[in-house]
K.L.:
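Structure incoming, see below.
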Number of protein chains: 2
Amino acid sequence: MDRERITAATVRLLDEEGLSKFSMRRLAAELDVTAMSVYWYVDTKDDLLELALDAVMAELLTGGTEAEAAPPEPAAPVAPAETVASTGAVAPTEAVAPAGADWRVRLRALASGYRSMIVRHPWASPLMGSFLNIGPHSQAFSCRLRAVLRDTGMSPAQQLGALSAVFRFVYGFGTIEGHFVRRCASAGMSQDEYYRDALGSMSERPEFVESFGSTEEIFGTQGFGGVEDLRERDFAFALDLLVAGIEAQAGKASARGPAGERTADGDPAAARG
Amino acid sequence: MDRERITAATVRLLDEEGLSKFSMRRLAAELDVTAMSVYWYVDTKDDLLELALDAVMAELLTGGTEAEAAPPEPAAPVAPAETVASTGAVAPTEAVAPAGADWRVRLRALASGYRSMIVRHPWASPLMGSFLNIGPHSQAFSCRLRAVLRDTGMSPAQQLGALSAVFRFVYGFGTIEGHFVRRCASAGMSQDEYYRDALGSMSERPEFVESFGSTEEIFGTQGFGGVEDLRERDFAFALDLLVAGIEAQAGKASARGPAGERTADGDPAAARG
DNA sequence: ACCTGAACACCGTTCAAGT
DNA sequence: ACCTGAACACCGTTCAAGT
């Protein structure tokens, strides 16, 4: 009975039953302990949730581009013990990209990893709020993203803007996706069934059918591989948009010279090389 | 005592005290009524929250590009009665754009309006989940966005991808922004104070200071107008990224011809002109 | 048709008390 | 140092009963 075991049980319960059903009393029962003994290790429910959030953030750092990731195990691609124990050896590797690869490849890898983490743990996104000051693992992930953006050719000020854009976009995508997945599950339907129903209710509006065709036409389109495939393509397309936008901005930047508007002294691109 | 009055009181309470403090009992007290009489008009708390969500979605439709917006008042730019009554004459007009303007201008207007609505009502974003099947006002807004995207020169399939991208990105931006604003308020700090504190805790990590300078350097940078100004610029920059990405994709599309990969028969761009 | 009171099965958290 | 029981002030929702 220590903080790690409590955090692991919290993550497992949150994964299985969702944020709204999680309670201190439910957790205590799971740990075969009275309701209030958890409070010896944790000040408040919110503190515990922050610990759980930090634990799943660590999933994004298994194996790494640079050694700046987590305090323990500087280089070896070993997943944190508590996470493996809780989720049952789901070792996500999508946030890992070849160290010297093109920034586009690495950006896609980081974004995909972040997104899939949010989908794996739908309870995490409402807890993330601002990506400021929420644990060392989140900061380490942010560092990796910044390292990638340094190679885009954008000015430092543009890099900061792009950092924010990528973070928030992936957050939005993963959060909505997570909501949808959970809603399907709680309705006892497959994602395709739920999507078909939703389309059905939208087909009551005639302009919708005019734009996209009837439900049967959408599902019958050749190459339509279901909602999950659709979402995969939407995400890929959105990343294409971002990458194309970054390339355009980087072109502008190099045409006008390396200096941005916002940044002050201490150009990090120059300092790092 | 009817559904409209209940919905209006709900929106007002949610705005003032937040989603977590809202309860049926609290609402009943506000309406000077016993706890359970609300259940005569509303089946469940979740149903009521959906009503509230639909009510604030209507803010995005005041005044419009086309007459496809809300059932009442087809064209006149009049805000819905219940919203005006509840928020005290905050009549947002940001989602309105000149009808025949460039798609870039109209896209920015729609995105800004959506974002500011989310910030005005931070409780709305956790409720939005998927943008599918949540009320007629949301669908009408989606229609307007589609109408704008038709003018980008993208293929219909690309338009669908961009629709998803814009929606989810703005959602992510507004949600995180709303979280931050609320967190500052509940900590009793101004946004700049909170931001300074957060930077201070991040300055404990040396690579952060190496990249961006110390807190004093960041706040002292000429042209730094505080967090809110920073966020404004981040949002504008992110929209620039999206617009540039859309332009790049549209260029590809017109170079390869109008047909996309995903769409079936019934090309809406051709049908609408 | 509309509202109420009492009740049920929950919450997070405190606090004095046990070992 | 670690855990417990009882208690406080809350929840959403049901249901029989009032007018």
Side-chain angles (χ1 to χ4, degrees), chain A residues 1-55 82 122-124 126-127 129 134 179 182-183 185-188, chain B residues 1-55 82 122-124 126-127 129 134 179 182-183 185-188:
Chain A
M1 199 44 189
D2 56 350
R3 258 165 95 116
E4 262 191 40
R5 219 167 78 78
I6 290 175
T7 306
T10 301
V11 170
R12 179 162 37 83
L13 276 182
L14 286 168
D15 285 342
E16 287 170 7
E17 309 180 355
L19 182 57
S20 62
K21 292 209 170 168
F22 177 79
S23 78
M24 298 299 271
R25 291 171 141 103
R26 177 78 187 82
L27 171 65
E30 193 72 8
L31 291 168
D32 263 326
V33 101
T34 203
M36 303 304 102
S37 58
V38 181
Y39 280 95
W40 182 257
Y41 301 93
V42 138
D43 275 351
T44 176
K45 188 191 184 184
D46 282 348
D47 285 5
L48 179 55
L49 290 177
E50 267 189 45
L51 287 175
L53 183 59
D54 201 50
E82 72 276 17
W123 49 270
L127 300 180
I134 43 166
H179 279 155
R182 200 172 21 167
R183 194 178 286 216
S186 77
Chain B
M1 195 53 184
D2 56 351
R3 257 164 95 115
E4 263 191 41
R5 220 168 76 77
I6 290 175
T7 307
T10 302
V11 170
R12 181 163 35 86
L13 275 182
L14 286 168
D15 284 344
E16 286 171 6
E17 307 180 354
L19 182 58
S20 62
K21 291 210 169 166
F22 177 79
S23 77
M24 297 300 272
R25 292 170 141 103
R26 176 79 187 80
L27 170 65
E30 194 73 9
L31 291 167
D32 263 326
V33 102
T34 202
M36 303 302 103
S37 58
V38 181
Y39 281 94
W40 182 258
Y41 301 93
V42 139
D43 275 351
T44 176
K45 188 190 184 186
D46 282 348
D47 286 3
L48 181 55
L49 291 177
E50 267 189 46
L51 287 175
L53 184 58
D54 201 50
E82 74 275 18
W123 48 270
L127 300 180
I134 43 166
H179 279 154
R182 200 172 20 167
R183 192 178 285 217
S186 77

K.L.:
Between P on C/dT13 and CG on A/Asp47, what's the gap in Å once rounded to a whole number?
P.N.:
9 Å
K.L.:
What closest approach, in Å, do A/Leu14 and A/Phe22 show between heavy atoms, and which atom pair accounts for it?
P.N.:
CD2-CB, 3.7 Å
K.L.:
How is B/Ser37 classified with respect to the nucleic acid when contacts are heavy atoms under 4.0 Å: base, sugar-phosphate, or nothing?
P.N.:
base
K.L.:
Look up atom OG1 in A/Thr7 and atom CG in A/Leu51, then write down how far apart they are to the nearest 0.5 Å.
P.N.:
4.5 Å
K.L.:
Rounding to an integer number of Å, can you tell me how far A/Leu31 CG sits from D/dC2 P?
P.N.:
16 Å
K.L.:
Using whole Å, report how far CZ of B/Arg25 lies from P of C/dG5.
P.N.:
13 Å
K.L.:
Would you check, one step at a time, whether the test side-chain contact (heavy atoms from CB on, under 4.5 Å) holds for B/Trp123 with B/Val11?
P.N.:
CA-CA 9 Å; B/Trp123 48 270; B/Val11 170; 4.2 Å; yes
K.L.:
Just how far, in rounded Å, is P of C/dA16 from OH of A/Tyr39?
P.N.:
17 Å
K.L.:
Side-chain N or O of B/Thr44 versus OP1/OP2 of D/dT13: is the shortest distance under 4.0 Å?
P.N.:
yes
K.L.:
Do the side chain of A/Ser23 and the main chain of A/Arg26 share a donor and acceptor less than 3.5 angstrom apart?
P.N.:
yes
K.L.:
Nearest nucleotide by nearest heavy atom, which residue falls closer to the 5' end of DNA chain C, B/Val33 or A/Arg26?
P.N.:
B/Val33
K.L.:
Using purine N1 to pyrimidine N3 plus N6-O4 or O6-N4 for Watson-Crick, or N1-O2 and O6-N3 for G-U wobble, each under 3.5 Å, what pairs with C/dG12?
P.N.:
D/dC8
K.L.:
Could you check how far CE of A/Met24 sits from C1' of D/dA9, rounded to whole Å?
P.N.:
17 Å
K.L.:
Taking the minimum atom-to-atom distance to the side chain of A/Met36, which one of C/dT4, D/dT4, C/dC3 wins?
P.N.:
D/dT4
K.L.:
Among the candidates D/dT13, D/dG5, C/dT4, find the nucleotide nearest to the side-chain atoms of B/Thr34.
P.N.:
C/dT4
K.L.:
So, is A/Trp40 near the phosphate of D/dC3, with a side-chain N or O under 4.0 Å from OP1 or OP2?
P.N.:
no
K.L.:
Using atom types as modelled and distance alone, determine if a side-chain donor or acceptor of B/Arg3 lies under 3.5 Å from a backbone N or O of B/Tyr41.
P.N.:
yes
K.L.:
Could you give the distance separating D/dA9 and C/dA9 at their P atoms, to the nearest angstrom?
P.N.:
22 Å
K.L.:
From CZ of A/Phe22 over to C1' of C/dC11, roughly how many Å is that when rounded to an integer?
P.N.:
13 Å
K.L.:
To the nearest Å, how far apart are B/Leu27 CG and D/dG12 C1'?
P.N.:
13 Å
K.L.:
How close or far is atom P of C/dC15 from atom CG of A/Asp43, stated in whole angstroms?
P.N.:
13 Å
